[in-house]
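Before any comments, here is the structure.
Along the sequence shown, residues carry numbers from 1.
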Amino acid sequence: MLEKTTRVNFLFDFYQSLLTDKQRLYMQLYYLDDLSLGEIAEEYGVSRQAVYDNVRRTESMLEDYEEKLNLFSKFQSRMDIIERLEELLDDQQDTSEEMRRLVSRLKEHE
């Protein structure tokens, strides 16, 4: 569950500007502020089912955006490359060729 929550939070960070105000609000309350579906429903005078449907539909939209735009996967790839570069720098071995290869991979993501 934590892995799904983390993924949705990242997707929300990348794609929230593509959501409606209500979608953005419900996702923020549910995922970032950790309110329950019932608490959100009570606060906004709607049914728990309405909040649930909105959150699930929005999750699906975020996944669709990611499938088409790949912003999160590119971010993850860049972070992996950066982490590897940092490891190489820490090792301080003769790693210039591998560092060049990693830098080229980073350039591909831009």
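Under a cut-off of 6.0 angstrom, the local environment of CD in Gln76 is crowded, with over 12 non-hydrogen atoms contributed by other residues, nucleotides or ligands. Other residues, nucleotides and ligands place no more than 12 heavy atoms under 6.0 Å from the NZ atom of Lys68. Heavy atoms of other residues, nucleotides or ligands lying less than 6.0 angstrom from CD of Gln49 number more than 12.
Counting only distance, with no hydrogens or angles, the side chain of Asn54 and the backbone of Ala50 share no donor-acceptor pair below 3.5 Å. Side chain of Gln23 to backbone of Val55: no donor-acceptor contact under 3.5 angstrom is found. For Arg24 (side chain) and Leu19 (main-chain N/O), a donor-acceptor pair under 3.5 Å exists by modelled atom type.
With values rounded to the nearest 0.5 angstrom, Asp33 atom CG is found 9.0 Å from Leu25 atom CG. From Glu39, atom CD reaches atom CG of Leu29 across 9.5 Å, with rounding to the nearest 0.5 Å. Here the CD atom belonging to Glu67 is positioned 11.0 Å from the OG atom belonging to Ser73, to the nearest 0.5 angstrom. Atom CD of Glu43 is separated from atom OG of Ser36 by 11.5 Å, given to the nearest 0.5 angstrom. A distance of 11.5 Å separates CG in Asp13 from CG in Leu71, rounded to the nearest 0.5 Å. Interatomic distance, Ile82 CD1 to Ser77 OG, rounded to the nearest 0.5 Å: 9.5 Å.
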- Under the salt bridge (charged side-chain N to carboxylate O under 4.0 Å, His left out) criterion, do Arg7 and Glu63 qualify, and how do the steps go? CA-CA 10 Å; Arg7 178 175 174 79; Glu63 290 293 346; 2.9 Å; yes
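Listed by chain and residue number, nothing satisfies the side chain to side chain contact (heavy atoms under 4.5 Å, CB included) test with Asp80 (two or more places apart in sequence, or in another chain). Every residue meeting the side chain to side chain contact (heavy atoms under 4.5 Å, CB included) condition with Asp64, not counting sequence neighbours, appears here in chain and number order: Ser60.
Here ring-ring contact (aromatic ring centres under 6.0 Å, His included) pairs that include residues 39-82, with residues two or more places apart or in two chains, are Phe10-Phe72, Phe10-Phe75, Phe14-Phe75, Tyr15-Tyr65.
Side-chain contact between Gln28 and Gln16: absent, with no pair of heavy atoms (C-beta onward) separated by less than 4.5 Å. Counting heavy atoms from C-beta outward, Tyr30 and Val51 have side chains that stay 4.5 Å or more apart. Counting heavy atoms from C-beta outward, Leu62 and Leu18 have side chains that stay 4.5 Å or more apart. Considering only heavy atoms from C-beta on, Val46 comes within 4.5 Å of Tyr26 through its side chain. Under the 4.5 Å side-chain criterion, counting only non-hydrogen atoms from C-beta, Val8 is in contact with Met27.
Note on Glu59 versus Lys4: salt bridge recorded, some NZ/NE/NH1/NH2 to OD/OE distance being below 4.0 Å.
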